[in-house]
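What follows is a set of notes on a single structure, which appears directly below.
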Amino acid sequence: MRRPIVLDDAWRAAIQARDVATLARTITAIERSPEFLLQLSREVFVVQPVSSIGITGVPGAGKSTLLNQLIRHYRQADKNVAVLAVDPSSIQTGGAVLGDRLRMQDHALDDGVFVRSLSTKGQLGGVSETTFITAQLLKFAGFDRIFIETVGIGQNELDIVQVADVSALVFIPGGGDYVQGIKSGVMEVGDVFAINKCDLDGVRALEKVLQLEAHDRENKTGFVTTVCRTNAISGDGVAELSDALEAALQSPQAKARRASQLRAFSELLLTIELRQHWLKPFVTGERGSAFFEDLEQGKAQPADIVDAFRKAQE
């Protein structure tokens with residue numbers, strides 16, 4: 001039987017000492033219990049809201065390898081780094097299928113690095129609803145930079161902007177037509193465009209496409225999007241990518257995104273509170289049971305539950 005998380009002085013001390021076991025148990029509690037979010041929020045938002053960096057892009061672009069290099073770069077600058085690797089969900093357990101900790105073994109023994117795989121919980125956007133509070137927990141623990149790596153991106157997978165202040169959208173050469181096909185939606189995710197595997201043929205053509213997209217976007221929105229070349233194997237261009245991400249964190253769009261994330265998370269907490277203390281008691285109570293009996297017998301329609309709920313509150 002799992003021990004419950006008690007948010008007392010001992011817990012705070014362990015979290016701020018970046019105790020791996022306590023961090024892991026707390027994140028597991030976040031994933032398993034929506035009600036825990038409200039309790040935890042009262043603790044972790046005593047520090048400033050997290051500044052997080054999303055790493056997303058086309059499948060096979062080398063996101064994890066590039067992130068490895070970014071971790072190394074930040075550690076050389078004596079920064080503590082946490083990574084939330086958002087993976088597909090197991091159909092059977094709902095947990096994360098992939099083990100990103102296995103893909104980042106270079107930092108396995110580094111106390112200044114924390115890597116955790118999170119399940120998408122089946123969400124198309126590749127980011128679970130609990131990712132934002134998990135990132136804030138890591139900020140409370142004293143990590144200087146929190147990276148959020150997603151499973152890979154498609155036309156509908158835009159949710160990274162809901163939890164990351166800025167995002168690097170990673171491409172590889174040879175996909176010019178693919179870039180043209182997705183740019184109307186997914187291109188808006190990237191604050192920085194990173195061309196990884198830049199030693200491959202086609203890098204100049206891809207760079208031109210991305211620079212044109214960045215220029216067009218700046219003209220329309222005023223948002224500045226930097227295009228970087230990187231090589232995740234050699235580490236070439238990683239310092240420039242880091243500089244571009246840090247500059248983006250200071251931009252007006254990053255600040256606006258952070259405010260939007262805080263509002264969305266506040267609304268989530270309110271939804272959880274209403275569900276637990278108002279909706280759930282009604283559904284499981286006498287009046288809810290009576291409604292579902294009527295529904296089963298054809299005496300009520302699904303929409304009638306709204307009227308039944310309102311009457312129960314009178």
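Every value quoted in this text rests on a predicted model; they were computed, and no experiment measured them. Values reported hereafter were calculated over all heavy atoms of this structure, with side chains retained and with hydrogens, waters and symmetry mates removed.
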Do D165 and R258 pass the salt bridge (Lys or Arg N to Asp or Glu O under 4.0 Å) test, and can you show the C-alpha distance, the side-chain angles, and the key distance before you say yes or no?
CA-CA 6 Å; D165 296 315; R258 194 172 304 134; 3.2 Å; yes
Among L241, I55, I71, I233, which one satisfies side chain to side chain contact (heavy atoms under 4.5 Å, CB included) with L66?
L241
Tell me, with the steps shown, if L38 and I272 meet side chain to side chain contact (heavy atoms under 4.5 Å, CB included).
CA-CA 8 Å; L38 183 58; I272 291 170; over 6 Å; no
Donor-acceptor under 3.5 Å ([X] side chain, [Y] main chain):
X    : Y    : answer
D304 : Q301 : yes
N196 : A232 : yes
T150 : G54  : no
R275 : K280 : no
D144 : N80  : yes
S41  : L37  : yes
T28  : A24  : yes

Any chance the side chains of [X] and [Y] put a donor and an acceptor closer than 3.5 Å?
X    : Y    : value
R32  : T130 : no
R310 : Q313 : no
D191 : S167 : no

Which atom names give the shortest non-hydrogen contact between [X] and [Y], and what distance separates them?
X    : Y    : result
G202 : P173 : C-CB, 3.8 Å
Q48  : K139 : O-NZ, 3.2 Å
T230 : G237 : CG2-O, 3.8 Å
D111 : R18  : O-NE, 4.5 Å
G190 : L169 : CA-CB, 4.0 Å
E240 : C228 : O-SG, 4.1 Å

I'd like to know whether CG of D8 has more than 12 heavy-atom contacts from other residues, nucleotides or ligands below 6.0 angstrom.
yes
Whether over 12 other heavy atoms sit under 6.0 Å from E267 CD
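Check passes, neighbour count above 12.
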Between E213 and R217, is there a side-chain N and carboxylate O pair less than 4.0 Å apart?
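No, this pair does not count.
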Could you go through F143 and V50, starting from their C-alpha distance and side-chain angles, then the distance that decides it, and tell me whether this counts as side chain to side chain contact (heavy atoms under 4.5 Å, CB included)?
CA-CA 10 Å; F143 287 97; V50 63; over 6 Å; no
Rounded to the nearest 0.5 Å, what's the gap from [atom1] on [X] to [atom2] on [Y]? Could you check?
X    : Y    : atom1 : atom2 : answer
E273 : W278 : CD    : CH2   : 10.0 Å
I148 : F132 : CD1   : CZ    : 9.0 Å
R116 : L84  : CZ    : CG    : 9.0 Å
L245 : S51  : CG    : OG    : 12.5 Å

For L249 and R145, run side chain to side chain contact (heavy atoms under 4.5 Å, CB included): C-alpha distance rounded to whole Å, both residues' side-chain angles, the deciding distance at 0.1 Å, then the answer.
CA-CA 11 Å; L249 281 173; R145 281 290 170 266; 3.5 Å; yes
Parallel, tilted or perpendicular, judged at 30° and 60°: which one describes the rings of F45 and F265?
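Tilted.
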Taking the six-membered ring for Trp, are W11 and F140 parallel (under 30°), tilted (30 to 60°) or perpendicular (over 60°)?
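W11 and F140: parallel rings.
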Apply side chain to side chain contact (heavy atoms under 4.5 Å, CB included) to V47 and Q136, showing your working.
CA-CA 9 Å; V47 298; Q136 184 65 29; 3.5 Å; yes
Hey, does E31 have a side-chain heavy atom less than 4.5 Å from the side chain of L118?
yes
